[in-house]
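Input: a single structure, listed below in structure tokens.
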Amino acid sequence: MHSYIRGATYGWVDVNTGGLPQQFLNKRISIEILNEQGEAVASNYVSEADKDSILTALYAKHGVILLINECYPHLFSEEELQTVVNILETLYKIVPSDDEIKHVRHLLDTHGESRLIFALDMSESSRHRMGQALLVSSKSPYYSKHFSFDEAIEFLSGRDGVYYATNSEGVRCYDFIDMPNKKQISNQVKKDGYHVVFLNFKDGKEYEIA
């Protein structure tokens, strides 16, 4: 068994051959011997052990996207791939199972990509942004509320989108739990100089409200 180190979402993790699915390892690898003109003059298959070592090293370098491209080439669109990788590497760490990969397909079909991206941000922010999943005032009951990924999806599941304020660079600075009223919008626009936008989960686009 061969083992390599990969830099992942939560730091350095160990990738070993025993954790990779047989479907991914079921390959032959040949090495071509080239002449001075770059033409192949001979080739040799590497041994089974060396082949597994090479594939493990490739997985350690490229991560789960290599597994998806090799074993699930038509399961996700090109546009969805980065979101899928972010979810899988965040939730399942090293090598996700067949069920876990297909579960992400189910989540995309059920909730849509934009909702999942926002839910992942909420759950990750619970870990890294002073425990704040949502950017709200300290008086809000949601100020220090933590969300797991599944809890964030449930929180967002009945919403067509979310309202928040952004600064001049488009960075999200303040979240509205529900649709903001005129006073709340005015406070963000006039007091802080922010723009208020609505992120529509159906098309993933931001629409400026004020």
Side-chain angles (χ1 to χ4, degrees), residues 6-14 19 63-65 67-68 72 75-77 79-167 170-181 184-185 187-188 192 194-207 209:
R6 169 174 170 74
T9 304
Y10 295 133
W12 296 97
V13 294
D14 184 58
V64 71
I65 194 167
L67 177 63
I68 291 172
Y72 305 88
L75 190 60
F76 305 104
S77 69
E79 293 75 17
E80 293 171 331
L81 270 180
Q82 189 56 58
T83 299
V84 171
V85 168
N86 290 343
I87 292 172
L88 288 172
E89 291 201 340
T90 299
L91 299 184
Y92 306 119
K93 308 299 190 296
I94 307 172
V95 184
S97 68
D98 178 73
D99 287 343
E100 289 164 345
I101 290 172
K102 290 177 179 176
H103 179 60
V104 175
R105 175 71 270 167
H106 170 73
L107 290 176
L108 284 165
D109 292 338
T110 304
H111 301 286
E113 185 178 7
S114 293
R115 185 179 279 109
L116 295 187
I117 291 172
F118 203 90
L120 188 62
D121 179 78
M122 286 175 62
S123 62
E124 283 299 275
S125 296
S126 290
R127 293 172 50 86
H128 303 299
R129 193 169 56 204
M130 301 292 289
Q132 233 184 319
L134 294 165
L135 298 169
V136 293
S137 135
S138 59
K139 296 179 181 179
S140 170
Y142 290 92
Y143 177 69
S144 58
K145 184 172 176 58
H146 293 201
F147 289 83
S148 67
F149 182 59
D150 288 338
E151 289 169 341
I153 291 176
E154 184 178 357
F155 175 78
L156 299 170
S157 63
R159 302 166 186 263
D160 294 328
V162 288
Y163 293 86
Y164 49 81
T166 63
N167 64 18
V171 177
R172 195 173 118 231
C173 299
Y174 185 86
D175 296 325
F176 299 100
I177 302 303
D178 298 301
M179 180 187 295
N181 56 39
Q184 290 173 313
I185 292 174
N187 284 341
Q188 294 298 318
D192 297 317
Y194 293 159
H195 296 283
V196 176
V197 301
F198 173 71
L199 173 64
N200 191 326
F201 286 148
K202 291 183 179 179
D203 59 16
K205 295 180 180 178
E206 287 183 347
Y207 294 88
I209 305 300

To the closest 0.5 Å, what do you measure between CG (D150) and OG (S157)? 11.5 Å

Which value, rounded to the nearest 0.5 Å, describes the distance between H111 atom NE2 and E154 atom CD? 9.5 Å

Least distance between heavy atoms, I117 atom then T83 atom: CD1-OG1, 3.5 Å

Partner set under side-chain hydrogen bond (donor to acceptor under 3.5 Å, both in side chains) for E206, not counting sequence neighbours: Y164

Just jot down the ring pair (Phe, Tyr, Trp, His ring centres under 6.0 Å) partners of F176, sequence neighbours excluded, or say none. Y174

Between CD1 of I87 and CG of L116, what distance do you get to the nearest 0.5 Å? 4.5 Å

Please identify each residue that fulfils side chain to side chain contact (heavy atoms under 4.5 Å, CB included) with A152, with sequence neighbours left out. A119, M122, F147

Sorted by chain and number, sequence neighbours left out, side-chain hydrogen bond (donor to acceptor under 3.5 Å, both in side chains) with Q82 holds for N86

All side chain to side chain contact (heavy atoms under 4.5 Å, CB included) counterparts of S140, not counting sequence neighbours: V136, Y142

Please test L67 against L88 for side-chain contact (heavy atoms from CB on, under 4.5 Å), starting from the C-alpha separation and ending with a verdict. CA-CA 11 Å; L67 177 63; L88 288 172; over 6 Å; no

Which heavy atom of G19 sits nearest a heavy atom of V95, and at what distance? O-CG1, 3.5 Å

In Å and rounded to the nearest 0.5 Å, what is the CG to CD1 distance from L81 to I65? 5.0 Å

Interatomic distance, OG@S114 vs CG@L108, rounded to 0.5 Å, equals 10.5 Å

Go through the structure and list residues passing side chain to side chain contact (heavy atoms under 4.5 Å, CB included) with D192, not counting sequence neighbours. Q188, Y194

If the condition is ring pair (Phe, Tyr, Trp, His ring centres under 6.0 Å), which residues does F201 pass it with, not counting sequence neighbours? none

Salt bridge (Lys or Arg N to Asp or Glu O under 4.0 Å) pairs, two or more places apart, involving residues 106-115: R105-D109

Please evaluate residues L134 and F155 with respect to the criterion side-chain contact (heavy atoms from CB on, under 4.5 Å), reporting the C-alpha separation (whole Å), side-chain torsions for both, the decisive distance (0.1 Å), and the verdict. CA-CA 12 Å; L134 294 165; F155 175 78; 4.2 Å; yes

Flag, side chain of E124 to backbone of D121, donor-acceptor distance under 3.5 Å: no

Ring pair (Phe, Tyr, Trp, His ring centres under 6.0 Å) filter on F149, not counting sequence neighbours, yields none

If the condition is salt bridge (charged side-chain N to carboxylate O under 4.0 Å, His left out), which residues does D178 pass it with, not counting sequence neighbours? R159

Assess whether side-chain contact (heavy atoms from CB on, under 4.5 Å) is satisfied between V162 and L156, documenting all intermediate values. CA-CA 8 Å; V162 288; L156 299 170; 3.8 Å; yes

Does the pair V85 and F76 meet the rule for a side-chain contact (heavy atoms from CB on, under 4.5 Å), with working shown? CA-CA 11 Å; V85 168; F76 305 104; over 6 Å; no

What are the two closest non-hydrogen atoms of S123 and S148, and how far apart are they? CB-C, 3.6 Å

Separation between CG of L199 and OG1 of T166, rounded to the nearest 0.5 Å: 11.5 Å

How close do K145 and A133 get, heavy atom to heavy atom, and via which atoms? O-CB, 3.7 Å

Set of residues satisfying salt bridge (charged side-chain N to carboxylate O under 4.0 Å, His left out) with respect to D98, sequence neighbours excluded: K102

Under the side chain to side chain contact (heavy atoms under 4.5 Å, CB included) test, residues paired with S97 that sit two or more places apart: D99, E100

